[in-house]
S.K.: 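Take a look at this one; I'll ask things after.
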Amino acid sequence: MSDKPDLNAISHDLHAVRLEKLAQLRATGEDPYREEWPQTHVSQDCAKLLPEGVEEGPEVSVAGRVVAVRVMGKASFVKILDRGGVQQCYFTRDALTDCYDTHFKKLVDLGDFVGVRGKLFRTKTGEVTVRAADYKLLAKALRPLPEKWAGLTDAEKIYRQRYLDLIVNEDSRRRLMIRSRVVESIRKFFWSRQFVEVETPVLHTIAGGAAARPFETHSNALDCDFYLRIALELHLKRCLVGGMDRVFEIGRVFRNEGVSVKHSPEFTMLEAYQAYSDYRGMMELVRSLIQTVCREVLGSTTVTRHDGVAIELGGNWREVKYKDLIIEKTGDSQWFSRTKEEKIAACKKMDLHEPRSDWEDYEVTNEVFGKLIEPTLIQPTFVTHIPKELCPLAKVTVGDESTIDVFELCINGQEIAPAYSEQNDPGVQRKMLEIQAGAEQHKIDEDFLLALEHGMPPAGGLGIGIDRLVILLTGAVNIRDVILFPTLGPDNNPV
RNA sequence: GGCCAGAUAGCUCAAUGGUAGAGCAGUUGACUUUUAAUCAAUUGGUUCGGGGUUCGAGUCCCCGUCUGGCCA
């Protein structure tokens with residue numbers, strides 16, 4: 001190829017410039033998408049291989065994406081990003097006589113993947129660096145990276161093009177890596193307690209186990225409608241019936257409801273069921289779980305929120321009855337004997353939006369809990385003896401017919417984990433579900449009730465919102481910041 | 001679902017209703033230990049889409065799309 005390609009003419013079109021460079025590479029017989037490279041070390045290893053005081057280290061072979069290039073004539077510094085972080089490499093014309101000017105300087109761009117082999121040395125500013133004896137272009141990037149200093153800040157782009165966010169924003173990388181390690185640590189915890197992990201269906205003919213609006217879909221083969229699951233509960237209980245007496249699942253659930261800083265249409269739930277235990281046992285289980293995960297992943301049981309508030313997860317956790325919290329907040333020791341109208345009037349006085357008139361009595365009270373109490377529960381708190389209307393799947397408290405053997409674990413002003421003594425009396429369970437279903441009796445999961453009639457062992461059950469737990473452990477503000485690819489509408493501006 | 005805010009170069013952002021600019025990135029050149037390297041020159045725009053007002057619209061009005069925040 002003798003005619004010089006005119007990059008000047010197309011220099012405004014970053015994509016075209018890189019396509020032209022790709023064509024030039026191929027014209028010389030190099031296909032940058034078919035090269036191989038043995039990666040022997042990552043950036044983190046390199047620093048360990050060159051202890052303080054040692055000037056020259058062993059040869060390493062690293063690979064990653066070029067995220068910074070500083071060319072100074074016949075020598076250049078190149079930073080590459082791999083799974084361990086950023087590694088600096090030093091390219092010189094002396095060491096790369098045949099390709100430094102013609103290949104490296106002309107055809108390698110920010111964003112490209114390269115492999116670099118060479119001995120480690122320390123620069124005069126002390127940075128451990130690979131002195132390139134050899135390198136290869138491993139994949140050509142045809143699109144530019146975001147701006148090197150301001151990075152990527154547009155929220156829509158961060159979520160839509162998460163890969164760019166991961167390349168340029170170290171905080172995002174760290175947060176999402178923590179998420180991965182949290183899930184790993186949770187699995188190990190349950191395995192160590194002889195729980196088995198199962199996978200239950202996402203497609204349900206009846207969306208049970210929680211009160212939420214489901215997404216709907218259709219099977220052509222079976223010619224019937226399905227719902228995407230809103231909870232894992234009812235199938236895991238079938239596992240208990242089947243004799244899997246310690247069982248857990250980590251799975252995506254879907255709720256076709258509002259989207260907010262705390263709510264995503266699809267999110268990840270952990271549910272665990274332990275036969276012959278109860279909600280008290282679940283208290284020990286969840287506290288031990290969160291403390292273990294915290295120590296393993298963060299190395300500490302103290303976490304700091306984005307606003308600097310410290311949350312201490314170590315030691316024992318506060319335990320308080322739902323009714324006591326309500327009475328304390330409303331300052332009314334007779335709250336639970338007031339009429340609904342009196343409660344609504346009291347809500348107005350407490351600057352709460354007026355509860356809707358079609359609400360049930362317990363919903364008015366729960367509005368006080370949700371709006372005025374839960375957000376103040378920053379340090380870990382077990383809220384116990386919840387009104388029975390709030391969950392039809394738990395056992396009623398012996399000695400108090402109005403409450404159930406349940407706790408809601410609140411941390412960081414959010415409900416992190418509910419747990420119950422699971423209802424296993426098929427007659428009582430049917431009645432509770434019938435009350436909940438009201439006019440919509442067809443929404444009762446008869447197959448689940450049939451399973452209960454075969455006998456389910458007494459059990460404690462636990463649910464944890466993984467996303468919220470990760471928010472807690474990373475100090476994130478928004479649930480989208482701990483989900484790799486959050487749910488978004490269709491792209492307004494496709495390329 | 002309601003209200004408010006936003007969308008301008010690849011990225012981050014400017015621009016009284018009056019010629020759409022800057023930094024980085026890109027291109028060309030200088031430079032063998034840089035750390036947002038530096039220096040010189042330089043290319044680059046359907047201002048989210050569609051209507052309207054106006055002599056004139058990135059800017060004002062209406063509709064739509066997407067995003068963010070608050071609320072239900």
Side-chain angles (χ1 to χ4, degrees), chain A residues 4-21 24 55-56 66-80 86-97 100-101 104-112 118 120-132 141-161 163-165 167-169 213 256-264 347 351-359 363 367 370-371 375 477-481 486-495:
Chain A
K4 278 219 157 130
D6 190 1
L7 291 182
N8 258 321
I10 56 170
S11 70
H12 59 94
D13 185 342
L14 280 57
H15 189 226
V17 166
R18 292 189 179 212
L19 281 173
E20 176 54 37
K21 290 179 179 179
Q24 288 182 42
E55 283 313 301
E56 182 147 312
V66 175
V67 291
V69 178
R70 286 186 284 276
V71 179
M72 285 157 304
K74 301 178 188 67
S76 301
F77 288 94
V78 176
K79 299 235 173 177
I80 63 170
V86 172
Q87 176 59 47
Q88 179 165 269
C89 305
Y90 186 56
F91 285 46
T92 62
R93 190 162 71 180
D94 289 347
L96 303 161
T97 356
Y100 182 79
D101 287 314
F104 167 67
K105 278 172 74 172
K106 294 291 178 190
L107 301 175
V108 177
D109 286 305
L110 278 175
D112 292 351
L120 293 172
F121 77 107
R122 198 181 299 277
T123 65
K124 67 182 184 188
T125 53
E127 183 161 348
V128 174
T129 303
V130 180
R131 188 188 304 278
L142 299 177
R143 301 284 178 181
L145 290 179
E147 206 265 334
K148 66 181 172 189
W149 188 239
L152 194 66
T153 62
D154 182 272
E156 183 171 359
K157 289 203 170 70
I158 283 174
Y159 299 138
R160 245 183 240 292
Q161 293 182 276
Y163 46 92
L164 292 179
D165 176 51
I167 294 166
V168 300
N169 292 329
R213 180 129 70 102
N256 202 349
E257 300 188 335
V259 178
S260 80
V261 168
K262 293 179 185 177
H263 299 88
S264 171
C347 281
D351 284 339
L352 274 179
H353 276 82
E354 189 169 349
R356 297 215 312 263
S357 53
D358 61 337
W359 278 12
E363 289 177 297
E367 180 76 357
K371 288 285 163 26
V477 180
N478 194 317
I479 192 168
R480 294 186 191 92
D481 294 333
T487 313
L488 295 176
D491 193 351
N492 196 24
N493 280 310
V495 175

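Below, read A as the first sequence line, B as the second, and so on, with proteins coming before strands; counting in each chain starts at 1.
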S.K.: Among C11(B), C13(B), U33(B), which is the nearest nucleotide to the side chain of Thr153(A)?
M.R.: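 The answer is C13(B), which lies nearest to the side chain.
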S.K.: Pick the P atom in G45(B) and in U8(B), then give their distance to the nearest Å.
M.R.: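 Those two atoms are separated by 16 Å.
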S.K.: Considering only atom C1', compute the distance from C48(B) to U59(B) and round it to an integer number of Å.
M.R.: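 Going atom to atom, C1' in each nucleotide, I get 16 Å.
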S.K.: Glu257(A): what forms a side-chain hydrogen bond (donor to acceptor under 3.5 Å, both in side chains) with it, not counting sequence neighbours?
M.R.: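 So Glu257(A) forms no side-chain hydrogen bond (donor to acceptor under 3.5 Å, both in side chains) with any residue.
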S.K.: Take atom P in G49(B) and the same atom in G10(B), then report the distance between them in whole Å.
M.R.: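 Looking at atom P only, G49(B) and G10(B) are 13 Å apart.
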S.K.: How would you list, by chain and number, every residue that makes a ring-ring contact (aromatic ring centres under 6.0 Å, His included) with Tyr159(A), sequence neighbours excluded?
M.R.: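 So Tyr159(A) forms no ring-ring contact (aromatic ring centres under 6.0 Å, His included) with any residue.
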S.K.: Are the side chain of Glu147(A) and the backbone of Ala150(A) linked by a donor-acceptor contact shorter than 3.5 Å?
M.R.: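 Answer holds: yes.
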S.K.: Quote, to the nearest angstrom, the P distance that separates C4(B) from U43(B).
M.R.: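 After rounding to an integer number of Å, I get 44 Å for this pair.
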S.K.: Please identify each residue that fulfils salt bridge (Lys or Arg N to Asp or Glu O under 4.0 Å) with Asp94(A), with sequence neighbours left out.
M.R.: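 For Asp94(A) there are no salt bridge (Lys or Arg N to Asp or Glu O under 4.0 Å) partners, ignoring immediate neighbours.
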S.K.: Report the residues that fulfil ring-ring contact (aromatic ring centres under 6.0 Å, His included) with Phe77(A), sequence neighbours left out, ordered by chain and then residue number.
M.R.: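 ring-ring contact (aromatic ring centres under 6.0 Å, His included) check on Phe77(A) returns Tyr90(A).
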S.K.: Only counting residues at least two apart or in another chain, list the ones meeting side-chain hydrogen bond (donor to acceptor under 3.5 Å, both in side chains) with Glu363(A).
M.R.: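 With sequence neighbours excluded, Glu363(A) shows a side-chain hydrogen bond (donor to acceptor under 3.5 Å, both in side chains) to no residue whatsoever.
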S.K.: When we call it a touch if two heavy atoms are under 4.0 Å apart, what does Lys157(A) touch: a base, just sugar-phosphate, or nothing?
M.R.: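 It contacts sugar-phosphate atoms only.
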S.K.: Distance check needed: U12(B) C1' versus Ile158(A) CD1, whole Å only.
M.R.: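 Rounded to whole Å, this separation is 12 Å.
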S.K.: According to a 3.5 Å limit on both distances, what stems of 3 or more consecutive Watson-Crick or G-U pairs are formed with RNA chain B?
M.R.: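 As far as RNA chain B goes, consecutive pairing (with distances under 3.5 Å) yields the stems B:1-7 with B:65-71, B:10-13 with B:21-24, B:26-30 with B:38-42, B:48-52 with B:60-64.
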S.K.: Strictly under 4.0 angstrom, non-hydrogen atoms only: write out the protein contact profile of nucleotides 19-32 of chain B, one letter per nucleotide from the 5' end, B, S or -.
M.R.: ----BBSBSSS-BB
S.K.: According to side-chain hydrogen bond (donor to acceptor under 3.5 Å, both in side chains), who are the partners of Arg160(A), at least two apart in sequence or on a separate chain?
M.R.: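 By the side-chain hydrogen bond (donor to acceptor under 3.5 Å, both in side chains) rule, Arg160(A) matches Glu156(A).
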S.K.: Rounding to the closest angstrom, what is the interatomic distance between G51(B) and A41(B) at atom P?
M.R.: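 My reading of the P atoms in G51(B) and A41(B) gives 43 Å.
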S.K.: Looking at side-chain heavy atoms only, is the closest gap between Lys106(A) and Lys21(A) below 4.5 Å?
M.R.: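 Not touching, per the 4.5 Å side-chain cut-off.
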S.K.: If the P atom of A36(B) is compared with that of U19(B), how far apart are they to the nearest Å?
M.R.: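 Each nucleotide's P atom is 38 Å from the other's.
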S.K.: In whole angstrom, give me the gap between the P atoms of C11(B) and G26(B).
M.R.: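 The answer is 15 Å between these two P atoms.
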S.K.: Any chance you could list the contact pattern along nucleotides 63-72 of chain B? Use B for base contacts, S for sugar-phosphate-only contacts and - for none, protein heavy atoms under 4.0 Å, 5' to 3'.
M.R.: --BSSSSSSS
S.K.: Under the rule for side chain to side chain contact (heavy atoms under 4.5 Å, CB included), what residues qualify as partners of Leu352(A), not counting sequence neighbours?
M.R.: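 For Leu352(A) the side chain to side chain contact (heavy atoms under 4.5 Å, CB included) partners, ignoring immediate neighbours, are Cys347(A), Glu367(A), Val368(A), Lys371(A), Leu372(A).
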S.K.: Taking donor-acceptor contacts at under 3.5 Å, does the side chain of Gln88(A) reach the base of U34(B)?
M.R.: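 Checked by distance alone, the answer is yes.
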S.K.: Looking at residues at least two apart in the chain, or sitting in another chain, which of them share a side-chain hydrogen bond (donor to acceptor under 3.5 Å, both in side chains) with Thr123(A)?
M.R.: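 Scan of Thr123(A) (side-chain hydrogen bond (donor to acceptor under 3.5 Å, both in side chains), adjacent residues dropped) gives Thr125(A).
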S.K.: Just call it for Phe121(A): base, sugar-phosphate, or nothing, with non-hydrogen atoms closer than 4.0 Å on any strand.
M.R.: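 Result for Phe121(A) = base.
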S.K.: When the P atoms of C63(B) and A20(B) are compared, how many Å lie between them, rounded to an integer?
M.R.: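 About 29 Å, rounded to a whole number of Å.
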S.K.: Can you find a heavy atom in the side chain of Val259(A) that is under 4.5 Å from one in the side chain of Thr487(A)?
M.R.: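 In short, these two side chains do not touch, never coming nearer than 4.5 Å.
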S.K.: Go through the structure and list residues passing salt bridge (Lys or Arg N to Asp or Glu O under 4.0 Å) with Asp101(A), not counting sequence neighbours.
M.R.: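 In terms of salt bridge (Lys or Arg N to Asp or Glu O under 4.0 Å), with neighbours along the sequence ignored, Asp101(A) is linked to Arg93(A), Lys105(A).
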S.K.: Report yes if a side-chain nitrogen or oxygen of Arg70(A) is closer than 4.0 Å to either non-bridging phosphate oxygen (OP1 or OP2) of A37(B); otherwise report no.
M.R.: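 Answer is yes, contact under 4.0 Å.
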